[in-house]
Chemist: 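Structure in structure tokens, see below.
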Amino acid sequence: MDTDSPDLLNVIDIEATCWDGQPPPGAVSEIIEIGLTVLDLRAAERLARHRILVRPARSTVSAFCTELTGLTRAEVDTGVSFAEACRLLASEHRAGIRPWASWGDYDRNQFTRQCRATGTRYPFGHRHTNAKIPFTAAHGLRKRPGMAQALEIAGLPLEGRHHSGADDAWNIAALILDVAARGAWPPPDGTGAWPDTP
């Protein structure tokens, strides 16, 4: 895999600490899992899937969070620090160079908030696509669907567990391929045309 190919896209989905209601006093929502699928847009295939577990510093995994994500407190406590996770994204997954996408803006906003709060360097470049937008346009929908609903609309299976970052990133990558096959995915160079195409 040519890690610097302009056709590669990082598809990101995160899970964060959460509660059934308000967080406990002093606790803040923090990233505990980063799912990443590398997508080759030209070859129209998902090349690799990765998972980074992140150890929370200002919160713990609640029973509600475990029920939703499948992640336990003991499991995420074996993860790396948030700063190390961001370093891995930049060094091993070319996050600052490759364009990236997520389902909605939650993931981008959470990274921005948490980097600011912890003084951590933001690992991504500026080329982010909220995949909901081109999907909604490609299917002529009036409302932007959630990921599971989008899979149903596209006639695609939900692979793995919903609210697993690694599985959700894999499924979102499939939705992006659906959009790209319809000619509706924005080109990586921002010109309105794919490189090397008329």
Side-chain angles (χ1 to χ4, degrees), residues 5-16 18 29 31-51 65 68-70 89 93-115 122-198:
S5 167
D7 302 314
L8 297 184
L9 176 75
N10 282 342
V11 182
I12 301 282
D13 186 82
I14 61 169
E15 301 303 326
C18 53
S29 182
I31 294 169
I32 51 176
E33 182 193 7
I34 303 165
L36 187 154
T37 291
V38 182
L39 186 58
D40 186 327
L41 288 162
R42 189 171 291 281
E45 64 178 329
R46 297 174 286 185
L47 299 180
R49 59 192 294 168
H50 303 280
R51 179 185 198 224
C65 190
L68 183 70
T69 66
L89 285 169
H93 302 292
R94 319 289 287 161
I97 296 166
R98 279 185 205 148
W100 67 292
S102 58
W103 196 259
D105 282 323
Y106 165 76
D107 306 74
R108 181 174 60 82
N109 291 336
Q110 178 65 30
F111 265 105
T112 301
R113 267 195 307 271
Q114 198 163 333
C115 283
Y122 185 72
F124 299 104
H126 64 278
R127 292 178 299 164
H128 172 264
T129 302
N130 172 351
K132 274 188 187 183
I133 296 172
F135 181 90
T136 301
H139 286 270
L141 306 173
R142 288 170 54 191
K143 290 179 68 177
R144 295 177 189 171
M147 187 205 76
Q149 186 187 359
L151 289 167
E152 286 181 26
I153 291 165
L156 296 168
L158 195 159
E159 299 179 62
R161 177 194 175 111
H162 193 13
H163 299 300
S164 152
D167 290 345
D168 282 356
W170 187 252
N171 285 305
I172 293 163
L175 289 167
I176 291 170
L177 288 178
D178 168 81
V179 173
R182 295 165 184 269
W185 187 255
D189 63 359
T191 62
W194 290 97
D196 307 319
T197 58

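Residue indices begin at 1 and follow the sequence shown. None of these values were measured; they are calculated from a predicted model. Values reported hereafter were calculated over all heavy atoms of this structure, with side chains retained and with hydrogens, waters and symmetry mates removed.
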Chemist: Rounded to the nearest 0.5 Å, what's the gap from CE on Met147 to CG on Leu158? Could you check?
Modeler: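 Rounded to the nearest 0.5 Å, the CE-CG separation comes to 4.5 Å.
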
Chemist: Taking all heavy atoms of Pro145 and all of Thr136, pick out the closest pair and write down the distance.
Modeler: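 Result for this residue pair: CD-OG1, 3.5 Å.
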
Chemist: Should Leu8 and Leu39 count as side-chain neighbours, where that means a heavy-atom distance under 4.5 Å?
Modeler: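 Leu8 vs Leu39: side chains apart.
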
Chemist: How far apart are the C-alpha atoms of Arg144 and Asn130, what are their side-chain angles, what is the distance that settles it, and do they pass the side-chain contact (heavy atoms from CB on, under 4.5 Å) test?
Modeler: CA-CA 11 Å; Arg144 295 177 189 171; Asn130 172 351; 4.2 Å; yes

Chemist: At their closest point, which heavy atom of Pro134 faces which heavy atom of Ala184, and how far apart are they?
Modeler: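 That would be CB-O, 3.6 Å.
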
Chemist: Taking the side chain as every heavy atom from C-beta outward, state whether Arg98 and Val38 have any atom pair closer than 4.5 Å.
Modeler: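 In contact.
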
Chemist: How many angstroms lie between CG in Leu9 and CZ in Arg42, if you round to the nearest 0.5 Å?
Modeler: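 Leu9 CG to Arg42 CZ: 14.0 Å, rounded to 0.5 Å.
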
Chemist: I'd like to know whether Thr69 forms a side-chain contact (heavy atoms from CB on, under 4.5 Å) with Glu33, so could you lay out the CA-CA distance, the side-chain angles of the two residues, the decisive distance to 0.1 Å, and finally the verdict.
Modeler: CA-CA 9 Å; Thr69 66; Glu33 182 193 7; 5.6 Å; no

Chemist: Any chance you could measure Ile14, atom CD1, to Gln110, atom CD, to the nearest 0.5 Å?
Modeler: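 Reported to 0.5 Å precision, the distance equals 5.0 Å.
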
Chemist: Under a 3.5 Å distance rule, please check whether Arg127 uses its side chain to pair with a backbone N or O of Ile97 as donor and acceptor.
Modeler: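 Judged by distance alone, yes, a pair lies under 3.5 Å.
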
Chemist: Which pair of heavy atoms, one from Tyr106 and one from Ser29, lies closest together, and at what distance?
Modeler: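 In this case the closest contact between Tyr106 and Ser29 is OH-OG, 4.3 Å.
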
Chemist: Quick one: do Phe124 and Asn10 satisfy side-chain contact (heavy atoms from CB on, under 4.5 Å)? Show the steps, please.
Modeler: CA-CA 10 Å; Phe124 299 104; Asn10 282 342; 5.8 Å; no

Chemist: Which word best sums up how the rings of Phe111 and Trp100 line up, parallel for under 30°, tilted for 30 to 60°, or perpendicular for over 60°?
Modeler: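 The arrangement is perpendicular - the two ring planes meet at more than 60°.
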
Chemist: Is the shortest heavy-atom distance from the side chain of Pro157 to the side chain of Leu151 under 4.5 Å?
Modeler: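 No, too far: nothing below the 4.5 Å cut-off.
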
Chemist: Evaluate the criterion side-chain contact (heavy atoms from CB on, under 4.5 Å) for residue pair Arg108 and Tyr122; output intermediate values, then yes/no.
Modeler: CA-CA 10 Å; Arg108 181 174 60 82; Tyr122 185 72; 3.6 Å; yes

Chemist: As an exercise, state the distance from CZ of Arg94 to CG of Leu89, rounded to the nearest 0.5 Å.
Modeler: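 Here the rounded value is 13.0 Å.
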
Chemist: Using distance only, find each side-chain donor-acceptor pair of residues 162-179 under 3.5 Å and give its atom names and separation, not counting sequence neighbours.
Modeler:
| unit_1 | atom_1 | unit_2 | atom_2 | d |
| --- | --- | --- | --- | --- |
| His162 | ND1 | Asp168 | OD1 | 3.3 |
| His162 | ND1 | Asp168 | OD2 | 3.4 |
| Ser164 | OG | Asp167 | N | 3.3 |
| Asp167 | OD1 | Arg49 | NH2 | 2.5 |
| Asp167 | OD2 | Arg161 | N | 2.8 |
| Asp168 | OD1 | His163 | N | 3.3 |
| Asp168 | OD2 | His163 | N | 3.0 |
| Trp170 | NE1 | Glu159 | OE1 | 3.3 |
| Asn171 | OD1 | Glu159 | N | 2.9 |
| Asn171 | ND2 | Glu159 | O | 2.8 |
| Asn171 | ND2 | Asp167 | O | 3.0 |
| Asp178 | OD1 | Arg182 | NE | 3.3 |
| Asp178 | OD2 | His139 | NE2 | 2.7 |
| Asp178 | OD2 | Arg182 | NE | 3.4 |

Chemist: Supply the atom-to-atom distance Trp103 CH2 to Thr129 OG1, rounded to the nearest 0.5 angstrom.
Modeler: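 Answer for the CH2-OG1 pair, Trp103 versus Thr129, is 12.0 Å.
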
Chemist: When rounded to the nearest 0.5 angstrom, what is the spacing between OG1 in Thr112 and NE2 in His128?
Modeler: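 Separation between the atoms: 9.0 Å.
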
